[in-house]
Amino acid sequence: MDSFHMIWTTVGLVMIPLESTFLGRRFAVARNVLNFFFAIVVAAATVYTMEITG
Amino acid sequence: MKPEKKKMSPRLKFLISVLVFYGVTAFFCPDTVRDALAGFGGMLTKVIPILGMVFGFLFLVNLFVNPGWIRQHIGAESGAKGWLYAVISGILISGPPYIIYPMLGKLKQHGARNGLLAAMLYNRNVKPQFLPAMVYYFGLRYTLILSIYIILFSLLNGKILERFVRE
């Protein structure tokens with residue numbers, strides 16, 4: 001659920017053309033690819049931290 | 001020699017094609033077009049105040065914020081202070097992407113660092129206005145842990161992105 005939430009809020013494929021227009025195509029693509037992997041890492045880290053602090 | 005023909009811009013082509021579609025639809029189904037125009041009017045009244053804010057922001061940026069100021073605060077020479085600005089402004093900034101991207105594009109034009117812009121965008125996920133709801137549904141501990149991770153990973157995100165995207 002955490003991964004879903006993070007990908008939902010940080011990865012925006014539909015908005016890539018708009019982001020590319022103002023910030024550059026390379027910036028938009030790299031950021032969205034990074035955000036996809038970061039969403040999984042952040043979700044895993046959050047769950048792990050919840051477990052060890054709970 | 002033949003006179004050179006002027007090419008129609010894609011924007012104008014798009015506008016004309018939309019008007020043609022509306023015209024054809026109005027001819028066959030006037031009610032549908034009436035509903036569509038009413039929907040468009042409703043959307044426009046919602047968007048106009050936001051667009052006004054954006055133009056106001058862009059106007060103020062052009063008026064008061066010069067490239068030197070941006071380079072100093074969120075540019076290549078900004079250092080740790082720049083990252084702090086990126087985190088704070090990313091958390092506080094709110095609004096749909098079609099408003100945020102033009103604003104950040106303007107900052108980039110004036111010399112803002114790519115990594116800081118990426119960090120700002122990542123920190124938009126910490127939404128102060130939704131924190132109470134998040135605490136209510138998921139608990140304070142989860143909200144705190146996730147928010148801290150988002151802030152930390154926004155810095156990493158910006159740093160890595162700078163390796164892929166040169167200024």
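In what follows, chains are A, B, ... by sequence order, proteins preceding strands, each numbered from 1. Being a predicted model, the structure only gives us computed values, none of them experimental.
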For the student: nearest non-hydrogen atoms of B/Gly115 and B/Trp83, plus distance: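 Shortest heavy-atom separation between B/Gly115 and B/Trp83 comes out as O-CZ3, 3.8 Å.
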Heavy-atom pairs under 4.5 Å with chain A, option from B/Ile148, B/Asn157, B/Leu117, B/Leu104 with the top count: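 Winner by heavy-atom pair count: B/Asn157.
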Student check: side-chain heavy atoms of A/Leu23 and B/Leu121 closer than 4.5 Å: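 The answer is yes; the side chains approach within 4.5 Å.
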Validation row: B/Phe164, A/Val33 side chains within 4.5 angstrom (heavy atoms):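 In short, these two side chains do not touch, never coming nearer than 4.5 Å.
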Contacting region of B/Asn125 [heavy-atom separation from chain A under 4.5 Å]: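 Only the side chain of B/Asn125 comes within 4.5 Å of chain A.
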Residue part contacting chain A, namely of B/Leu156, when any heavy atom lies under 4.5 Å: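 The answer is both parts of B/Leu156.
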Part of A/Thr21 within contact of chain B (heavy atom distance under 4.5 Å):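 Neither; nothing under 4.5 Å.
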Flag, side chain of A/Asn32 to backbone of A/Ala28, donor-acceptor distance under 3.5 Å: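 Looks like yes, one N/O pair under 3.5 Å.
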